[in-house]
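Data first, discussion second: the structure below is written as structure tokens.
Per chain, numbering begins at 1; letters A, B, ... match sequence-line order. These numbers come from the heavy atoms of this one structure, side chains and all, not from hydrogens, waters or symmetry mates.
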Number of protein chains: 2
Amino acid sequence: MPDAETGTTTGATTGAATDAERLPLRERKKLRTRQALIDTALERFTEHGFDGTTLDELCDAVDVSKRTFFRNFTSKEDVAMAPTQDFWTAFVDGLETRAPDSPTLLEMLQDTLLETLERMPADGWARRVLLSRRLAEKTPSMDAHGLHFCDRTTRAALAVLHRRFDLGGAADLRARLALDVLIAAFHRALDIWTARPGTPTRAALAADLRTAFAAVPGSLTLTVTPRKAG
Amino acid sequence: MPDAETGTTTGATTGAATDAERLPLRERKKLRTRQALIDTALERFTEHGFDGTTLDELCDAVDVSKRTFFRNFTSKEDVAMAPTQDFWTAFVDGLETRAPDSPTLLEMLQDTLLETLERMPADGWARRVLLSRRLAEKTPSMDAHGLHFCDRTTRAALAVLHRRFDLGGAADLRARLALDVLIAAFHRALDIWTARPGTPTRAALAADLRTAFAAVPGSLTLTVTPRKAG
DNA sequence: ACAGTTATGCCACTGAGTGGCATAAGTTCA
DNA sequence: TGAACTTATGCCACTCAGTGGCATAACTGT
């Protein structure tokens, strides 16, 4: 079993830094196998491809039964997308506690996202997300799974927003569209960040995020001219 | 085999109304079984649920071998999402021929989308999309598949745009974000349209689309105030 | 009618995902 | 410390989506 003393697995709750410390032994073990499955999966998927790795192989490597795998993850895709999903879960968590300090909703969402990023485990999280994203680019079913999780999370975020704040009612599309815009920008930032060579860092991702956020207003007003005729 | 003289299946090319007429017999047959598979799939999935219907059952009902099914569709999800996918394909097609008449890119995209909608078959297309969407709302794997196809199509659309028009280079995120915004609005419109009672029409969808488009600018400037404290 | 092309059917096979049940490991309380 | 309880795990058998190979039937043009 590979080293599994890496990052927090369940989305960092409101609590402090390391939340996996003072848990009952049983819970800690569960967390450890979960993390081992994630790390080993990313490793083997990267090396032999997603389709080139069977669940039986993965489970053998981590020394767990397939049944146990499916108690931790809903599908083969799920285990590989776990790092990103933890992030989204943490984001919704952040929305839960955030004060409406920014003038516009979109800015508040962007700030929350950047703050959530800073709160992700510093050690190996960035690398795991990178592997996960590069894998997803090659693996349609993984990408689809990620997109769907993202969509579900968006609904959850919207529910939190509507519960906490006064945003023109549930029929008003603007809040939802603001979330959609946020996520679009996030995905563009991820694309760019994923293509960067060298060691991935949260700081670099934060920078790419700011760039993407900055491009948002211009996307609504961008004008179009034919290629040849100036 | 159910009636299959319904709509065009491959995304309506640049040609006129009915393009499935003057094709070789073999092609027509292929089109017909394809359409039969789609219609029967939507029917049975709606009645017995997506997971409650096996491919063997479906293939038996249409009287085709499972092997043939997979020559027409890439997966079980694929057949159920075909109506929407035809639409996206037609949209990219529309981008290919459109003149840059609108001031901003986003408006051009919106116009193209509305125009594409008008060009979809009038008879049963709306109903098929409705069934497909209602199914997708209940079936995670279908929704995921649709989201992924949408994402792929977006890349194709972006490629067309960059080839035909001068939009600040490939590194400029604005064009891609404009597409993302368009798609977000489209999905919101679909959500609302899908929830409407009664017979679905293209006109109603067009109206919901316009509503969603209208909400876009406000989504960037929407302000946020806590619930209780006025 | 004949030869060339291509869709189809059939069959066997891999691998993801599920349900049931016995068991082992962790937990609680006396 | 050990009994009683709770819960995660392992094992087994099973369904079903999806694939590859090959023979055959259906369309095509001459």
Side-chain angles (χ1 to χ4, degrees), chain A residues 1 4 9-10 20-37 40-41 44-45 48-82 135 139-145 148, chain B residues 1 4 9-10 20-37 40-41 44-45 48-82 135 139-145 148:
Chain A
M1 196 189 307
T9 321
T10 43
E21 291 306 302
R22 291 299 161 201
L23 282 174
L25 170 59
R26 195 173 4 201
E27 297 298 318
R28 267 181 291 156
K29 267 199 167 177
K30 230 184 137 167
L31 270 268
R32 220 167 56 204
T33 51
R34 184 187 144 91
Q35 196 57 47
L37 279 169
T40 313
R44 292 180 98 90
F45 289 169
H48 308 111
F50 182 80
D51 294 326
T53 313
T54 66
L55 278 184
D56 291 307
E57 282 169 30
L58 172 59
C59 291
D60 274 6
V62 186
D63 213 61
V64 204
S65 80
K66 207 168 57 168
R67 205 71 190 75
T68 296
F69 174 90
F70 281 107
R71 283 195 198 89
N72 282 278
F73 304 98
T74 62
S75 68
K76 194 182 174 186
E77 288 78 24
D78 196 41
V79 67
M81 297 302 284
L135 236 14
T139 314
S141 70
M142 265 183 67
D143 200 34
H145 186 272
H148 179 254
Chain B
M1 199 191 301
T9 321
T10 42
E21 292 307 300
R22 290 303 160 197
L23 281 174
L25 170 59
R26 197 189 289 175
E27 297 299 318
R28 268 181 291 155
K29 268 199 168 178
K30 230 183 138 167
L31 270 269
R32 221 169 53 205
T33 51
R34 183 188 145 91
Q35 196 58 48
L37 279 168
T40 314
R44 292 181 99 89
F45 290 170
H48 308 110
F50 182 81
D51 294 324
T53 312
T54 67
L55 279 184
D56 292 308
E57 282 169 27
L58 172 59
C59 291
D60 273 7
V62 186
D63 213 59
V64 203
S65 80
K66 206 168 58 169
R67 204 69 189 75
T68 296
F69 175 90
F70 281 107
R71 282 195 199 89
N72 283 277
F73 304 98
T74 63
S75 68
K76 194 181 174 186
E77 288 78 23
D78 196 41
V79 67
M81 297 302 284
L135 238 13
T139 315
S141 70
M142 267 184 65
D143 200 34
H145 186 271
H148 176 70

| Contact class for A:Lys29 vs. all strands (heavy atom < 4.0 Å): base, sugar-phosphate, or nothing? |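 Sugar-phosphate contact only.
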
| Does anyone know the first and last nucleotide of DNA chain D in reach of chain A, 5' to 3', at under 4.0 angstrom to a heavy atom? |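 Range of nucleotides touched by chain A: D:dT6 to D:dC11.
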
[atom1] of [X] versus [atom2] of [N]: gap in Å, rounded?
X	N	atom1	atom2	answer
A:Asp78	C:dA16	CG	P	14 Å
A:Phe45	C:dG15	CZ	P	13 Å
A:Phe73	C:dA16	CZ	C1'	16 Å
A:Phe70	C:dG15	CZ	P	14 Å

| query | Among all residues two or more places apart in sequence or in another chain, which pass the side chain to side chain donor-acceptor pair (under 3.5 Å) test with A:Thr53? | reply |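 Testing A:Thr53 for side chain to side chain donor-acceptor pair (under 3.5 Å), a comparison that skips the adjacent residues, returns none.
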
| message | Holding to side chain to side chain donor-acceptor pair (under 3.5 Å), I want the full list of residues that pass it with B:Ser75, two or more places apart in sequence or in another chain. | response |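 Partners of B:Ser75 under the side chain to side chain donor-acceptor pair (under 3.5 Å) test: B:Glu77.
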
| Got B:Glu57 and B:Thr54 here, is their nearest side-chain heavy-atom distance under 4.5 Å? |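 They are in contact (side-chain heavy atoms under 4.5 Å apart), so the answer is yes.
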
| query | Do B:Arg34 and B:Val79 come close enough that some side-chain heavy atom pair is under 4.5 Å? | reply |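 Answer no - side chains too far apart.
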
| query | What closest approach, in Å, do B:Leu58 and B:Phe69 show between heavy atoms, and which atom pair accounts for it? | reply |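 Nearest heavy atoms, B:Leu58 then B:Phe69: CD2-CE1, 3.9 Å.
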
Are the side chain of [X] and the backbone of [Y] linked by a donor-acceptor contact shorter than 3.5 Å?
X	Y	result
A:Thr33	A:Lys30	yes
A:Lys76	A:Met142	no
A:Ser65	A:Thr68	yes

| field | DNA chain D contacts made by residues 51-60 of chain B, counting heavy atoms under 4.0 Å | value |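 Only B:Thr53, B:Thr54, B:Leu55 qualify.
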
| Which dot-bracket notation, 5' to 3', represents the base pairing of DNA chain D when pairs are defined as Watson-Crick or G-U with both distances under 3.5 Å, crossing pairs as [ ], and inter-strand pairs as |? | ||||||||||||||||||||||||||||||

| What distance do A:Arg26 atom CZ and A:Leu31 atom CG have between them, rounded to the nearest 0.5 Å? |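 With rounding to 0.5 Å, CZ (A:Arg26) is 13.5 Å from CG (A:Leu31).
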
| Excluding sequence neighbours, so at least two apart, what forms salt bridge (charged side-chain N to carboxylate O under 4.0 Å, His left out) with A:Asp143? |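 For A:Asp143 the salt bridge (charged side-chain N to carboxylate O under 4.0 Å, His left out) partners, ignoring immediate neighbours, are A:Arg133.
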
| Mapping B:Glu77 and B:Glu27 onto DNA chain D by nearest heavy atom, which one lands closer to the 5' end? |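 The answer here is B:Glu77.
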
| message | Run A:Thr139 and A:Phe45 through side-chain contact (heavy atoms from CB on, under 4.5 Å) and show every step you take. | response | CA-CA 10 Å; A:Thr139 314; A:Phe45 289 169; over 6 Å; no

